[in-house]
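Down below is the structure, laid out as C-alpha cells.
Here the structure is a predicted model, which is why all the values come from computation and not from measurement.
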Amino acid sequence: MFNGMEYVYEVYKEKSFSKAAKKLFISQPSLSATVKRVENRIGYPIFNRNTTPLTLTECGEHYIKAVEEILAIQTSFQNFINDLEDLKTGSLTLGGSSLFSALVFPKLIGEFTRRFPKVTIDLIEESTSRLEQLLMSGVIDLVIDNYHFNESYIEQVVYQEEHLLLAVPRDFMINRQFSDYQIPVEQIRSQFYLQEQIPPVPLEKFSDQPFILLKQENDTRQRAMQLCRKHGFTPKIILALDQQMTSYNVTCSGMGISFISDTLVRNTYTNPKVCYYKLEGPDATRNIYFCWKNGKYKSRAMEEFLKLASSSPA
C-alpha cells in the first residue's frame, strides 16, 4: 500500500505533477501512472485533480499523514544507526568471575566509558559454567575467563597470559626452609620473576601442608591437582571454595596454602602475611580470553571494547 509513497509525497509537496516530476527526474506520464497505481491499490483517489493547485481528498489527507509518520520513523531509525556507528548510543553486556569483575573490568570499563560515555554497560558476575550459558543464550556479549571454551560454538581471543603462584601463610614454619625461593611482590607485578634465573619452588616439599583449593570444576583447581601429582603427592585439602579471591583471603588469614594467579597479585592489595613462590611447568601457565558466541553479530561497541582491551593489559 505504501510502495511508491515517495512519489505521492513529492506530488503533495509540490502541489503539481509536472513540478514533482522534475524534482524526481522522471517524466510526468510515468509519475502520473505511479500515483494512479497507488490509488488503485488503496481503492480511493489521493488527489483532487480538478483543483489548481492539487489538493488532497479525505483519504489523501490520511494517507499523507501516515506517510509522514513512516518517514519520521525511518529518520529516527537512521539517526539511531548513525549514532550507533559513532557509539553515541548503544549497550554492552560483559561477564566475568568475581576475580576478573573486581580486578580487570573496572579499569577497562572506566576507560571505555570515558571514550564512549553514551554507551550503557552492564556487568554480570557469575561462575564459568553460568557465564557460558548466558553467553550462548545471548544475554552476555563478551565474557572474560581463563577457561578455554569449545571453539565450535564460542569464539575467543587471547587477552593476556597469566601464571599460577603458590601463596603460603608467612607464619608457616616451612617458609624458613625456602626463603631463597620467595618472590617479592614487586617482581610479580613487573613479571621479572618469570626470568629463568628465578627458580621455581620444589612443590613436593609442601606435601604435608594444608591446602585451600577451589572446587573441582574450576580450572585453577584442576591445574593445582596436576601440579601436585607431577610432584608426587596429593594435596591435603582442608577447604574447597568457589572463588580464587576467597581462597587467597583464607590464605591471608593463615589457614592454608592456595594456588593463585599473578593477575590477582598485580591488581590488588597484597597481604604482607603471605609468601609467594614461583611454580614450573605448563600447568602453571594459561591464557585469559575474551569470548563471544560463535556467529554472533559483533557490534561496534564489542569491537571497540576488544580493541581497548588489547592495548591495556591487566
Side-chain angles (χ1 to χ4, degrees), residues 92-115 121-128 131 140 142-148 156-170 182-195 198 200-201 212-214 218-221 223-224 227 241-253 256-279 283-291 304-314:
L92 184 63
T93 302
L94 306 169
S97 66
S98 62
L99 177 70
F100 295 122
S101 295
L103 304 182
V104 177
F105 269 140
K107 175 185 174 183
L108 294 175
I109 291 174
E111 179 59 30
F112 185 86
T113 301
R114 281 190 287 274
R115 296 185 188 184
I121 293 185
D122 290 322
L123 178 58
I124 296 176
E125 183 180 316
E126 282 286 357
S127 65
T128 295
L131 290 171
I140 293 178
L142 287 173
V143 161
I144 186 172
D145 206 282
N146 49 36
Y147 179 75
H148 190 79
Q156 50 197 12
V157 61
V158 175
Y159 172 48
Q160 67 179 37
E161 188 177 81
E162 72 171 357
H163 307 268
L164 293 183
L165 299 165
L166 196 68
V168 182
R170 188 169 293 277
Q182 293 171 17
I183 310 168
V185 170
E186 295 73 21
Q187 288 190 6
I188 298 174
R189 288 178 176 160
S190 68
Q191 296 194 309
F192 178 82
Y193 83 100
L194 296 175
Q195 299 292 323
I198 306 298
V201 73
I212 311 296
L213 297 189
L214 301 186
N218 192 283
D219 183 74
T220 300
R221 162 67 175 263
R223 289 174 179 273
L227 285 165
L241 302 169
D242 287 312
Q243 300 291 344
Q244 185 184 148
M245 182 71 78
T246 308
S247 70
Y248 174 69
N249 287 334
V250 173
T251 292
C252 293
S253 74
I257 297 171
S258 61
F259 291 83
I260 64 171
S261 67
D262 56 0
T263 302
L264 186 155
V265 177
R266 294 201 310 271
N267 290 278
T268 190
Y269 167 76
T270 51
N271 195 311
K273 295 182 179 180
V274 177
C275 295
Y276 305 96
Y277 297 94
K278 180 178 179 179
L279 297 169
D283 291 309
T285 302
R286 64 188 174 193
N287 289 324
I288 300 173
Y289 302 93
F290 272 106
C291 314
E304 290 296 334
F305 194 89
L306 289 171
K307 188 186 301 183
L308 171 64
S310 68
S311 63
S312 305

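For Q191 and H163, the side-chain atoms include no donor-acceptor pair closer than 3.5 Å.
Nearest heavy atoms, T251 versus G256: OG1-O, 2.8 Å.
A perpendicular orientation is assigned to the rings of Y159 and F290, their planes being inclined by more than 60° (bins at 30° and 60°).
Legend: residues meeting side chain to side chain contact (heavy atoms under 4.5 Å, CB included) with D145, ordered by chain and number and at least two apart, are T128, L131, V143, Y147, F149. For S98, the side chain to side chain donor-acceptor pair (under 3.5 Å) partners at least two apart in sequence or on another chain are Q243.
How far CG of N218 is from OG of S97: 8.5 Å, rounded to the nearest 0.5 Å. The CD1 atom of I257 sits 5.5 Å away from atom CG of L166, with the distance rounded to the nearest 0.5 Å. Atom-to-atom distance recorded for I124:CD1 and T93:OG1 is 6.0 Å, nearest 0.5 angstrom. The SG atom of C252 sits 8.0 Å away from atom CD1 of I260, with the distance rounded to the nearest 0.5 Å. Atoms CG and OG1, from L99 and T220 in turn, are 8.5 Å apart once rounded to the nearest 0.5 Å.
Looking at K278, its side chain does come within 3.5 Å of a backbone N or O of Y193 through a donor-acceptor pair.
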Identify every side-chain donor-acceptor pair in residues 270-277 under 3.5 Å, counting partners at least two apart or on other chains, and give the distances.
residue: N271; atom: OD1; partner: K273; partner atom: N; Å: 2.8
residue: Y276; atom: OH; partner: Y248; partner atom: OH; Å: 2.7
residue: Y277; atom: OH; partner: N175; partner atom: OD1; Å: 2.6
residue: Y277; atom: OH; partner: Q182; partner atom: NE2; Å: 3.2

